[in-house]
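Notes for the one structure printed next.
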Amino acid sequence: MNILQIGLGGFGKNHLRAWAQMGKIRDLRVVDLSEDRLGEARHLFGIAADRVGREYRPFLKDADVVDIVTPSDSHAALCEEALRLGKDVFVEKPMTMTSREAERLAAEVERSRRILQVGYYYRFHPIAQYVREQIRRGELGAIRCLSGRFMGFKRARTDVGVTHTDGIHFIDLFNALIGESPREVYALIRDHFGRGMEDFSIVLMQYPSGIVAQVESGYIQPGNWVDRVVPNAMTTKEITVVGDRKTIRADFEIDKVEQFEVRHELQNGIWAPVHGLCTSPRLRSVTPVELVALELEAFLKSVADRTSPDPNVVESGTKLANVMEAVYRSAKSGQAAAIQSADVQASSLASLIEAAPVGR
Ligand SMILES: NC(=O)c1ccc[n+]([C@@H]2O[C@H](COP(=O)([O-])OP(=O)(O)OC[C@H]3O[C@@H](n4cnc5c(N)ncnc54)[C@H](O)[C@@H]3O)[C@@H](O)[C@H]2O)c1
């Protein structure tokens, strides 16, 4: 199999290590705009000179699958070009900048019968899989609310705002955990740096079932741990899922899961907590590279079996693009924004973000 990886930046290096871990270096061609990054890849993994380059097009026609790890605003065009040439594609999140682009890609996937998988790697995390299974088995009872914090001091990305790069991980994860997409969002974002995109964000979501979720993200709040992906950064990546029988709190950075069997009962006119077992299951610890390898393996399995990936292009592309546009519409208007199938589509995110409130 001929694999073409496009993009060898901060996260592209993790993809390269994951391909190496999977024993795929011999099948790999790597493209990046930077000669230095290509040189480093050649040096570290012994990739032949004729298998690296600064232009992707000369490599694209012979590729069977394409792995896109370039900045987010380049994803839509690269995906479309690869799909049109009949390639199966793995693309890092977010799939596109707008819902219009997402729908074009979904239509191209449908027409071409190609595989397109988006890199939401928390779905593959043992913690996420454990929580999903607990919910599926009814262990938590009825889910009431979820909250997530994905934040910490780190460099501000220049392709998209913090909701669109970090918050979106937990928005996607929450959708996966409860098997729904939000019907309404209310968002507060701030652009303290004055870059035209947010560095702080709080998104409240309401799901059709009535479940409520909150995702906080940002570069200006401290994190608890040294970030395992971004150099020189501190991070917090934790979620809480509250059910009427059990609550789970999990910290992805230190692989810690706590389960509380606590419910409230009316006792002498007071709603008081009744405490049951508090447990902390030990789950397999995984590195970011192992997680990328897990999702790339799932992608290659979809390619081999010709089955739709999980998440599919609608879940991980179109629906999330609709949520993101509603986030920016809400932040701009100061009102909750509904997410409907006939969503108001933005041709550019900038038009939604530019008038959002800015605080210093
Ligand atoms: N899943 C995760 O947890 C996670 C973490 C970090 C980044 N990401 C995603 O990965 C993507 C890349 O992020 P990054 O931090 O590596 O960005 P980056 O800016 O560090 O690197 C991007 C690389 O792409 C290269 N590039 C850009 N256009 C190119 C082109 N046309 N042809 C060849 N190379 C090209 C650049 O030279 C650069 O080396 C983003 O979409 C980001 O959202 C995902």
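Order of listing sets the numbers, starting from 1, for every ligand and every atom in it. Numbers here simply count residues along the sequence, with the first being 1.
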Numbering the atoms of ligand 1 from 1, which are under 4.0 Å from a heavy atom of [X]?
| X | answer |
| --- | --- |
| His169 | 1 (N), 2 (C), 3 (O) |
| Gly9 | 16 (O), 20 (O), 21 (O), 23 (C), 39 (O) |
| Ile6 | 32 (N), 33 (C) |

Tell me, do Ile143 and Leu177 make a side-chain contact under 4.5 Å, heavy atoms counted?
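SC-SC contact between Ile143 and Leu177 ruled out.
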Closest candidate by heavy atom, reference [atom], pool [options]:
| atom | options | result |
| --- | --- | --- |
| atom 15 (O) of ligand 1 | Arg157, His75, Glu92, Arg37 | Arg157 |
| atom 35 (C) of ligand 1 | Leu291, Thr165, Leu38, Leu33 | Leu33 |
| atom 23 (C) of ligand 1 | Asp32, Val91, Val230 | Asp32 |
| atom 27 (C) of ligand 1 | Gly12, Gly7, Pro71 | Pro71 |

Under 3.5 Å, is there a donor-acceptor pair between the side chain of Glu180 and the main chain of Ser209?
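It does hold such a pair.
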Look at the side chain of Asp191 and the backbone N and O of Gly196, then say whether any donor-acceptor pair between them is shorter than 3.5 Å.
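Yes: the side chain of Asp191 pairs with the backbone of Gly196.
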For atom 11 (C) of ligand 1, find the nearest protein heavy atom and state the residue, atom name and distance (0.1 Å precision).
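Residue, atom and distance for the closest contact: Thr70 O, 3.3 Å.
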Closest non-hydrogen protein atom to atom 5 (C) of ligand 1, residue and atom name please, with distance?
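Residue, atom and distance for the closest contact: Phe11 CD1, 3.3 Å.
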